[in-house]
Amino acid sequence: MRGRWLRVVSAGPQTTVQDLGRTGWAHLGVPLAGAADRSSAATANRLVGNDPQAAVLEVTLGGFVAVAEGPVTIALAGARCDASVDGTAVGHASTVSVPDGATIALGTARSGLRCYLAVRGGIDAPEVLGSRSTDTLSGLGPPPVADGDRVAVGDLAGPWPSETTAFGDVGDGAGDVVLHAVAGPRDDAVVDLAALAAGEWVVDPRSDRIGVRLGRDPDTDDPAVRLLPGRDEVPSEGVALGSVQIPPSGEPVLFLADHPVTGGYPVVAVLTASSTDRAAQLVPGQRIRLRL
């Protein structure tokens, strides 16, 4: 079969190539990277029968438009957005055949932040340290997708899935967002850890693939998270995906896929795996609650 490509007409605000990340290199200072919402990326891959290691396109906020050069099969998961092929609407979390020359278009995300576009065979980009992921912190991997790029389709496809009814999804965005975390390792650095789980937090616009920054609504009396005297910094130590770090401002940072491998502020809790994926779908201004 001749090569298959996606010719990018519009990359939207940010589109990157992502797989499961660069595991096993943290001791050399190499971040994990990979899909920010790992479960949604895995869902998209399963829908098209891809190998779990296959790379997908992580589309932030939507606005992605591409023309298929050769017939392809795609699936979308994660943030919900209106999607179409040659102007005909296609379903979310479903498998879609796209003929040669057809235009794939994703609208603005209605709920969630990051939509995952999987193509049967995976996105074919050069591997760097065993991963095709774009790392926005270190600069490793392929550069972010840009208008005019031709994105190659690979051959990391396997058997079609036997069923799709159990696949997870971001949902419609209704109701409060609650993120669950386990206390530690530096939970003794704060005056009262319970303040972390009190009231609501608001997602700061400065959030990105490195981490979600949280703040308090000034019109509420929700308590601040205060560090004990002399505990505002720690000797640089390793930090995990999902770490809840407290800088001197007292405003938590939830570490996502491109987080640094070490940090000098106390990590007082770590999100569960499912809550880390959910955190990757938070949009600026959204209100959340933390539960320990």
Side-chain angles (χ1 to χ4, degrees), residues 11 13-42 44-45 52-61 78-79 113-116 122-146 151 179 181-182 184-186 203-214 233-247 251-282:
Q14 185 183 62
T15 296
T16 57
V17 177
Q18 300 296 341
D19 55 20
L20 296 180
R22 294 180 177 85
T23 57
W25 298 99
H27 65 295
L28 297 179
V30 178
L32 174 65
D37 179 352
R38 295 166 68 87
S39 61
S40 290
N45 265 333
Q53 298 292 334
V56 300
L57 293 179
E58 181 182 274
V59 180
T60 304
L61 283 176
L113 182 65
R114 296 178 170 94
C115 180
Y116 292 87
I123 300 301
D124 188 10
E127 289 191 358
V128 178
L129 298 179
S131 171
R132 295 179 172 86
S133 289
T134 301
D135 186 338
T136 62
L137 179 64
S138 70
L140 291 173
V145 177
V151 179
L179 302 181
V182 178
R186 303 297 178 193
V203 178
D204 191 282
R206 296 172 296 169
S207 302
D208 53 22
R209 276 183 49 87
I210 296 171
V212 176
R213 297 175 181 269
L214 302 179
E233 291 189 17
V234 297
S236 187
E237 59 186 5
V239 291
L241 179 65
S243 291
V244 182
Q245 188 185 72
I246 307 296
E251 297 178 326
V253 178
L254 315 178
F255 277 151
L256 298 183
D258 287 355
H259 71 86
V261 297
T262 62
Y265 298 137
V267 171
V268 302
V270 180
L271 297 177
T272 63
S274 59
S275 287
T276 301
D277 288 341
R278 188 65 188 87
Q281 295 292 355
L282 297 172

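What you see below is based on every heavy atom in this structure, not just the backbone, and it leaves out hydrogens, waters and symmetry mates.
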ask   = Can you tell me if Ser133 and Asp135 form a side-chain donor-acceptor pair at under 3.5 Å?
value = no
request  = Give a yes or no on whether the backbone of Ala36 and the side-chain of Glu58 come within a donor-acceptor separation of less than 3.5 Å.
outcome  = yes
task = Report yes or no: does Thr15 contribute a side-chain atom to a donor-acceptor pair with the main-chain N or O of Ala11 at less than 3.5 Å?
result = yes
message = Tell me the closest heavy-atom pair linking Ala54 and Asn45, and the distance in Å.
response = O-ND2, 3.0 Å
key: Partner of Pro185 under side chain to side chain contact (heavy atoms under 4.5 Å, CB included), chosen from Val234, Val267, Val239, Val268   = Val267
note = salt bridge (charged side-chain N to carboxylate O under 4.0 Å, His left out) filter on Arg213, not counting sequence neighbours, yields none
message = Does any part of the side chain of Leu28, heavy atoms only, come nearer than 4.5 Å to the side chain of Leu129, both counted from C-beta?
response = no
Closest non-hydrogen atom pair, Arg132 against Ile123 = CD-O, 3.5 Å
message = For the residue pair Gln18 / Thr16, report whether a side-chain donor-acceptor contact shorter than 3.5 Å exists.
response = yes
query = Quick one: are Leu137 and Pro260 in side-chain contact, heavy atoms under 4.5 Å?
reply = yes
key: Separation between CG of Leu241 and CG of Leu271, rounded to the nearest 0.5 Å   = 8.5 Å
request  = Sort out for me which residue in Thr136, Asp208, Thr134 forms a side chain to side chain contact (heavy atoms under 4.5 Å, CB included) with Gln14.
outcome  = Thr136
ask   = By salt bridge (charged side-chain N to carboxylate O under 4.0 Å, His left out), which residues pair with Asp258, not counting sequence neighbours?
value = Arg209
task = Please round to the nearest 0.5 Å and tell me the distance separating atom CD of Glu237 and atom OG of Ser243.
result = 9.0 Å
task = Quick one: pull up CG in Leu57 and OH in Tyr116 and give me the separation to the nearest 0.5 Å.
result = 11.0 Å
remark   = With Asp37 as partner, the option from Leu113, Leu256, Asp277, Thr276 fulfilling side chain to side chain contact (heavy atoms under 4.5 Å, CB included) is Asp277
ask   = Judged by atom type as modelled, is there a donor-acceptor pair below 3.5 Å linking the side chain of Arg38 to the main-chain atoms of Leu20?
value = yes
ask   = For Ala257 and Ala35, which heavy atoms make the closest approach, and how far apart are they?
value = CB-O, 4.0 Å
inquiry  = Closer than 3.5 angstrom, by distance alone: can the side chain of Arg114 be matched with the main-chain N or O of Gly78 as a donor-acceptor pair?
reply    = no
key: Leu61 to Pro13 - nearest heavy-atom pair and separation   = CB-CG, 4.0 Å
message = In the structure I gave you, are the side-chain heavy atoms of Asp204 and Leu214 within less than 4.5 Å of one another anywhere?
response = no
